[in-house]
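Residues take their numbers from the sequence shown, with the count starting at 1.
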Amino acid sequence: MLKCFRKLRGSGRVLLFVFVASIIWVIVDIAVIRVSLGDVNNKLTKQRAFQKMKWAIENRQNMTKSNPPKTNPPKTNTPETNTPKTIEDAYEEEYMMTDREVSRFRVHRIKNKDNKDNVQDKKNLQENPGDDQPPPVASKVAVDLFIGDDDDPRLKNNLVKKHPKDVAIMKPVKNPPEDVEIIKPVKAPENTHVKGVAEHQAVKEELSMKEEKHIEKIQLQDTNQNTSMNEDKGAGEKVKKSETVQLNKGGVHQVLSLDVTAAPRDPNAVGQSGQPATVPSEEAALAEQMWDEGQFNVYLSEKIPLDRGIPDTRPEICAHSMVHDELPSTSVIFCFVDEVWSTLLRSVHSVLNRSPPHLLKEIILVDDFSQKDYLKDDLDKYMANFPKVQIIRLKERQGLIRARMVGAAAAKGDVLTFLDSHIECNVGWLEPLLERIYLDRMAVPCPVIEVISDQDMSYKLVDNFQRGIFNWPLVFAWNALSNDYVKKNNMTIADPIRCPVMAGGLFSIDKKYFYELGAYDPGLEVWGGENMEISFKIWMCGGKIEIIPCSRVGHIFRKHNPYTFPNDRRKTVERNLARVAEVWMDEYKDLFYGHGQLHLLDQKMMDLGNLTEQIKLRNRLECKSFKWYLDNVYPELDAPLLKAEGLIFNRGFRKCLSVQNQSFSFEPCDLAQPNQHFNYTWMMQIRQQDMCVAPLIAQTTIHLKPCDPTLSVLRWLHKSSKLKQPDQLTVENTSKLVCLEVNQQNKRLRLARCTKDNLFQQWEFTNYYIE
Ligand code: UDP
Ligand code: MN
């Protein structure tokens, strides 16, 4: 070879060199083509994955009921090698648990502790929330992420002893310099553990979509020296502080897991990283006094940093999931009435700090005529530091529902995101919600609502595969999907979960779609029932409601409302629900009334207001029937239209009631005879077509009368625990119950004093649909 080379001279050597160079060139080219093909494949796979996900959700129908809630374990912390441990790391390592440890802990906790929280947990674990006994609205199955001993000195030392009103005011994140344009390809993924989330400061807040190029560039910058992204990795391994991400039309990127802080987080701060906090014994009286202000531990809330970290509770794969580059922007709307200062501010900061700035159009605070002084000028001054935040003050108390509509009317974003004013958004919460709307504008996504303990303000992880349902009479409840259902539908922990109804406080909706749906019924007062209204409306008029497991927001669940209701709370909610039932539930509205206490049946007593506009809206939108909703969205609900029907058999006389020429007689029982057929309805009437069995109490006789649901005299009690003998058919006669009986002498119907074990007072329908 060398000899040959030597033999070649001048141009021969050049030719050989060119030949070798060309071969190398060809090899490199082939390699490059392979890499880019891989890239294209990757994109195609991702797009297919999106479609598959969409398909899977749309085909998911057979929801099942009644499985005990499954524990959703928090992730264990796996710190990067060579990363020096912070106190926070050490804390997490000690307290974070593996899957098995969590389940063990739950059992242990339920067995051995018996404080209020645990009693609730026990209830949730033992009873399916979807069963007859719905848990209180505020209950959620939650797991403590931190099992610190209450006497742990580290927790005690964390308490800063200053007057709770001395709340630290967070420094606003400075406005970004206008000229900076390029940013980091915010890679959340490798650092998704509790505080491994990349923490960045948004240095450019206002970004306009460059439509002509269909390209957007965002610049984000690490500012928190306390984060693992910025931690010293050794001289040779400097972490880049800014990189570029280009958002292309039709492109996708890994979900951005931002967590901005104005200054490094103090690992020793009270409640840092969502840890439970404790009230020192000498402050217990003060803490108790402060409780009523918010119906949660206000004392502790005031001590917790306004931008505290919280554990990233998303399922592992969420941080790696892909979302489209061009997502719609959102206006976040917080309505509040007399909210506690620190929780309101913490809510706002969690949105500012953990939302991609280019997607957050604005934050609208709607003050529903709060009376607290600090929510006036102080709040104005504070929020003036944050250009994205605007405050709308209502001149009189409108209630949550109308306040939301005022917020929506002012919103400029493509999407409306409603949040309660005592929440903390988790990392990566926003994009998965907007992604669902991007894929389907009629999808209404809700984050998983996690629990911020009202007692110790710790951030608790909730069980997976929970959906929102209702029990009669329209009581919201959480319900776990059964293992069978999850398996059958090949569901992963991160798949959207179809919800028959939403909890109501936290969701995103395409703004135009919200208005197409007629927004909320403005006739709903103060609070309650609006979640049922919007849920029925969405499903019945072509949309869908989903819980998105990759989006998580903590919420303080409270046992009482801290604000007043202009009218009686119970009556307000019932009236709202009755409006919803009248407009949306067709013949099933009777189940709502019939499951309530007797007073719900007294529609006469309730002034429901004008419903014409709502009924017109439903017709205009050509929405489907409530029966369609039950069959297709919530088939597990037990919703028989009648309590009982068929023949009415008298146990003593051993014959059946019959109607001949508008009067009663008894015949040998014959199912083929229509005049022996009666319905026992949810309105407690005994009907044959439009005629009702009616007592004439004064004469103690019985006759037939046209049915009228408002007439309480037509209501018969039967199969009720209130009766001495459940088979009796009784009506109320001036506070005393009287029984329907067959007069043994003349074999006629009459009313008589109820006597136990009198077979002539015992009646049986052919079919019962109630237990
Ligand atoms: N709210 C309001 N006006 C009212 C009642 C409630 O603006 O008349 C606000 C309240 O401050 C909160 C949200 O509506 O931010 C939801 O209320 P709440 O948290 O009491 O409801 P829950 O979480 O108990 O369902
Ligand atoms: Mn709330």
For this session: Begin with the C-alpha distance, continue with both residues' side-chain angles, and end with the deciding distance and a verdict on salt bridge (Lys or Arg N to Asp or Glu O under 4.0 Å) for Lys511 and Asp414.
Result: CA-CA 6 Å; Lys511 187 178 161 188; Asp414 308 317; over 6 Å; no

Any side-chain heavy atom of [X] within less than 4.5 Å of one from [Y]?
X	Y	result
Leu577	Tyr593	no
Pro387	Val389	no
Tyr520	Met405	yes
Glu525	Pro566	no
Trp527	Arg569	yes
Val366	Phe334	no
His358	Leu256	yes
Ser625	Met540	no

Are any of the side-chain nitrogens in [X] or [Y] under 4.0 Å away from the carboxylate oxygens of its partner?
X	Y	result
Lys544	Glu546	yes
Asp586	Lys627	no
Lys616	Glu613	yes
Arg346	Asp307	no
Arg579	Asp521	yes
Lys571	Asp607	no
Lys460	Glu450	no
Glu424	Arg354	no
Lys372	Glu293	yes

Testing the basics here: between [X] and [Y], what is the closest heavy-atom pair and its distance to 0.1 Å?
X	Y	answer
Ser301	Phe296	CB-CE1, 3.9 Å
Arg441	Glu516	NH2-OE2, 2.8 Å
Gly518	Lys537	O-NZ, 3.9 Å
Ala581	Phe592	CB-CD2, 3.7 Å
Val298	Gly294	CG2-N, 3.6 Å

Say whether, by atom type as modelled, one donor and one acceptor occur between the side chain of [X] and the main chain of [Y] under 3.5 angstrom.
X	Y	result
Arg552	Pro549	yes
Lys624	Gly542	no
Arg397	Thr564	yes
Ser350	Ser347	yes
Glu362	Gln390	no

Exercise. Run the side chain to side chain donor-acceptor pair (under 3.5 Å) check on Arg314 and Ser257 step by step: do they pass?
Worked result: CA-CA 11 Å; Arg314 292 173 299 174; Ser257 302; 3.1 Å; yes

When [X] is tested against each of [options] for side-chain contact (heavy atoms from CB on, under 4.5 Å), which residue passes?
X	options	result
Leu359	Thr330, Thr417, Leu327, Leu433	Leu327
Trp539	Val444, Ile545, Val501	Ile545
Ile547	Ile449, Asp495, Val448	Val448

Problem set entry | Under-2.5 Å SG separation for cysteines Cys446, Cys499 |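 A disulfide is absent here, as the SG pair of Cys446 and Cys499 is separated by 2.5 Å or more.
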
Exercise. Counting only heavy atoms not in Lys512, do more than 12 fall under 6.0 Å of its NZ?
Worked result: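 It does not: Lys512 NZ has 12 such atoms or fewer within range.
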
Exercise. If you draw a 6.0 Å radius around CG in Asp373, do more than 12 non-hydrogen atoms from other residues or ligands fall strictly inside?
Worked result: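 No, the 6.0 Å shell around CG holds no more than 12 heavy atoms from other groups.
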
Exercise. Would you call the rings of His422 and His555 parallel, tilted or perpendicular, where under 30° means parallel and over 60° means perpendicular?
Worked result: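 Rings of His422 and His555: tilted, as their planes differ by 30° to 60°.
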
For this session: Anything under 30° is parallel, anything over 60° is perpendicular, the rest tilted; go ahead and classify Trp472 against His595.
Result: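 Correct class here is parallel.
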
For this session: May I ask you to check whether Tyr563 and Asp368 show a side-chain donor-acceptor distance below 3.5 Å?
Result: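 Side-chain D/A pair, Tyr563 to Asp368: absent.
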
Exercise. Does Phe470 have its ring centroid less than 6.0 Å away from the ring centroid of Phe476?
Worked result: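 No - the distance between ring centres of Phe470 and Phe476 does not fall below the 6.0 Å cut-off.
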
Exercise. Does the separation of the ring centres of Trp341 and Tyr382 fall below 6.0 angstrom?
Worked result: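 Ring centres of Tyr382 and Trp341 closer than 6.0 Å.
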
For this session: Just do the salt bridge (Lys or Arg N to Asp or Glu O under 4.0 Å) check on Asp510 and Arg436 with the steps written out, would you?
Result: CA-CA 10 Å; Asp510 178 277; Arg436 296 305 299 167; over 6 Å; no

